[in-house]
There are 2 protein chains.
Amino acid sequence: MTFKAIIKNKQNILYGVALAALLLLLKWLEWRFVIIDNAFEIYAGAIAVVFTGLGIWLALKLITPKVKTVVVEKQVFTGPVFVLNEAELNKLRLSSRELEVLQLMANGHSNQQIAERLFVSLNTIKTHTSNLFLKLEVERRTQAIEKAKRLSLIP
Amino acid sequence: MTFKAIIKNKQNILYGVALAALLLLLKWLEWRFVIIDNAFEIYAGAIAVVFTGLGIWLALKLITPKVKTVVVEKQVFTGPVFVLNEAELNKLRLSSRELEVLQLMANGHSNQQIAERLFVSLNTIKTHTSNLFLKLEVERRTQAIEKAKRLSLIP
DNA sequence: TGCAAAATCACCCAAAAGTATGACTGAAAA
DNA sequence: TTTTCAGTCATACTTTTGGGTGATTTTGCA
């Protein structure tokens, strides 16, 4: 039995000590009053009272509390951390270039501006957007943006 | 409470019983060797044990159970709640009709569709969008949507 | 090394979006 | 009462977008 175990049984050891103390008290009382012979009944009564008290005290001390679990719902606002929905991205078979165009589109750029930024011709961007609309099953860039956001393809 | 609590305190009660048994053994030994002379002590010991038991029993029977309340926080992840940025809305002096058009625009509707939904002519919607772009200082609906979302004018 | 997918570009046409300007009404404010 | 303003609508015009088709070049991968 290590120190830990001693600590664990601290309570029980305490009860033992308490009982021992009471017994000593009993002995002492015996010594003091045994002389008076007919004090026996009083003595017995005192023992009864004291030990009843001890029993009650013991019981109260030893009852393990009933655990009542209260679940409190705590609202946690998910931060605006964007996680790209790669599953959907693969399902729709969007190419990287198309996704790039989609992002710029969502940022409010015109096809011409996107073309300039990506150093390609306007017609190329038009092709990309057309394919994008086909894959996303929409017919306007605003719809594409709305759907892409909904599917977490863009922030 | 009774039986359950007893089971719960099995260990402690066992300690008590063991102690009592030891006492009895002690008394018995005493009795065996000192015979009737010390009959009183046996009697006192018996009283002590019995009344201790009585006390325990009383306490277990009559005391209302201790309840320990454990509060567990449960994290509930809620999507970000949209709060319209009325300050910005007033600052930009957007009319209610314009905001309405803006919302439908952000949902991917064409001007024609917005006109039909609001029971007005296409030209009216064009006027609204034009004013909207002036007030938002943009020149495309995609930019308007982007800016409006950024300013929390629309979800 | 060769093929499929991706990326690039062109052209045409139609639809939608956007610009500019002006006008009318009704309600509310000055 | 006059002014202001939101809301409505129209016409005319330009720009952008989107659909359809076809073609060439790159490129990643088996």
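Just so it is clear: chains get the letters A, B, ... in the order the sequence lines come, proteins before strands, and each one is counted from 1.
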If the cut-off is 4.0 Å, is S96(A) near the phosphate of dA7(C), judged by side-chain N/O to OP1 or OP2? yes

Could you state the atom-to-atom distance from CD1 of I114(A) to P of dT17(D) in whole Å? 8 Å

Rounded to the nearest angstrom, tell me the gap between atom CD in E137(A) and atom P in dG18(D). 17 Å

Spacing of R93(B) atom CZ relative to dC5(D) atom C1', expressed in whole Å: 9 Å

Separation of atom CD in E139(B) from atom P in dA20(C), rounded to whole Å: 11 Å

So do the side chains of L151(A) and L92(A) get within less than 4.5 Å of each other, counting heavy atoms only? yes

Is the closest side-chain heavy-atom distance between L99(A) and L89(A) below 4.5 Å? yes

Which heavy atom of M105(A) sits nearest a heavy atom of T142(B), and at what distance? O-CB, 3.9 Å

Students often get this wrong, so: under 4.0 angstrom with heavy atoms, is T124(B) touching a base, only sugar-phosphate, or nothing? base

Within 6.0 angstrom of R117(A) CZ, more than 12 heavy atoms from elsewhere: no

Please determine, for the side chain of R97(B), which listed nucleotide (dG18(D), dT8(C), dT8(D)) has the closest atom? dT8(D)

Hey, does N123(B) reach any base, or is it just sugar-phosphate, or nothing, if we go heavy atoms under 4.0 Å? base

Interatomic distance where CD belongs to E98(B) and P belongs to dA6(D) [whole Å]: 7 Å

For a quick check of understanding: with a heavy-atom distance under 4.0 Å over all strands, which category does S121(A) fall into, base, sugar-phosphate or nothing? sugar-phosphate

Under-4.0 Å side-chain N/O to phosphate OP1/OP2 contact, S95(A) with dA7(C): yes

Mapping T142(B) and T127(B) to their closest nucleotides on DNA chain C, which lands nearer the 5' end? T142(B)

N131(A) atom CG is separated from dC9(C) atom C1', nearest whole Å, by 13 Å

With respect to the phosphate group of dT17(D), does any side-chain polar atom (N or O) of N111(A) fall under 4.0 Å of OP1 or OP2? yes

Please tell me if R140(A) has a side-chain N or O lying less than 4.0 Å from either OP1 or OP2 of dG18(D). no

Can you tell me how far C1' of dA16(C) sits from CD of Q113(B), to the nearest Å? 11 Å

Linking I/L/V/M/F/W/Y whenever their side-chain heavy atoms sit closer than 4.5 Å, directly or via other members, would F133(A) and L122(A) fall into one cluster? no

Tell me whether the side-chain N/O atoms of H128(A) come closer than 4.0 Å to OP1 or OP2 in dA7(C). no

Write down the distance between CG (L122(A)) and C1' (dC9(C)), rounded to a whole number of angstrom. 11 Å

